[in-house]
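Working notes, structure below.
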Amino acid sequence: QLHLVESGGGSVQAGGSVRLSCAASVFTYTYNCMGWFRQAPGKEREGVALIEFGGRDTYYADSVRGRFTASKDRDKNTAYLQMNNLKPEDTSMYYCAVLLDKFCLQERLTKAAEFQYWGEGTQVTVFS
């Protein structure tokens, strides 16, 4: 069973930065797509970023492109989401998720249901 644990959330002033981490208990597949999603109260879950754990590809939602950067450390089975120039509308619960043995594709940002494993989330609050 794969377990994901997010960390790094918190409160930050608009324009500030936060880095989220997602530690996975184990990876048994060469190619995994790790996704970052967010969901604010009363809103649908939104795909933010995807990163190919076995490759180099990354994909971003238009709303965060240029401000957020997904990265990974394969030795630590950990993915990161560096969030810069945060805006109040970025306030949300952020989740990491894994899609096993599949390549990341831009379209998978809108297909959260495909991801088999999810962390419990970490809250990011951006105040103006």
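Note that the structure is a prediction, hence the values are computed from the model and not measured.
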For N85 and D90, which heavy atoms make the closest approach, and how far apart are they? O-OD2, 4.5 Å
Minimum heavy-atom distance between S25 and N77, given as atom pair plus value: O-ND2, 4.4 Å
I need the minimum non-hydrogen distance between F53 and D73, along with the two atoms involved. CZ-O, 4.2 Å
Taking all non-hydrogen atoms of both residues into account, name the closest pair between Q116 and L99 and its distance. OE1-CA, 3.1 Å
Working note: E52 + F103, criterion side chain to side chain contact (heavy atoms under 4.5 Å, CB included); need CA distance, chi angles, decisive distance, verdict. CA-CA 7 Å; E52 199 75 64; F103 290 102; 3.8 Å; yes
Ring centers of F68, W36 separated by less than 6.0 Å: no
For F37 and R108, which heavy atoms make the closest approach, and how far apart are they? CZ-O, 4.2 Å
Do the side-chain N and O atoms of T91 and Q123 include a donor-acceptor pair separated by under 3.5 angstrom? no
Is it true that Y94 and V98 fall in one hydrophobic cluster, defined by side-chain heavy atoms closer than 4.5 Å? no
Both conditions, 6.0 Å and 45 degrees, for the charged tip of R45 above the ring of Y95: are they met here? yes
Sequence neighbours excluded, the answer for salt bridge (charged side-chain N to carboxylate O under 4.0 Å, His left out) partners of D75 is none
Does the pair V12 and T125 meet the rule for a side chain to side chain contact (heavy atoms under 4.5 Å, CB included), with working shown? CA-CA 6 Å; V12 62; T125 301; over 6 Å; no
If you look at every heavy atom in F115 and G35, which pair is closest and at what distance? CE2-N, 3.9 Å
Filter on disulfide (SG to SG under 2.5 Å), then keep only pairs touching residues 43-128, sequence neighbours left out; what's left? C22-C96, C33-C104
What's the verdict on side chain to side chain contact (heavy atoms under 4.5 Å, CB included) for T69 and Y60, showing C-alpha distance, side-chain angles and the deciding distance? CA-CA 8 Å; T69 303; Y60 299 95; 3.9 Å; yes
List the steps and the verdict of side chain to side chain donor-acceptor pair (under 3.5 Å) for S63 and E89. CA-CA 10 Å; S63 59; E89 52 263 43; over 6 Å; no
Across all chains, not counting sequence neighbours, the salt bridge (charged side-chain N to carboxylate O under 4.0 Å, His left out) partners of E120 are none
Passes side chain to side chain contact (heavy atoms under 4.5 Å, CB included), V64 versus K87? Steps please. CA-CA 10 Å; V64 307; K87 304 175 181 180; over 6 Å; no
Taking only Lys NZ, Arg NE, NH1 and NH2, and the carboxylate oxygens of Asp or Glu, determine whether K111 and E107 approach each other closer than 4.0 Å. yes
What I want to find out is whether R65 reaches D62 closely enough, with some N-O distance under 4.0 Å, to be called a salt bridge. yes
Would a hydrophobic clustering, with Ile, Leu, Val, Met, Phe, Trp and Tyr connected at side-chain separations under 4.5 Å, put L50 with L100? no
Under 3.5 Å, is there a donor on one side chain and an acceptor on the other for R19 and Y80? no
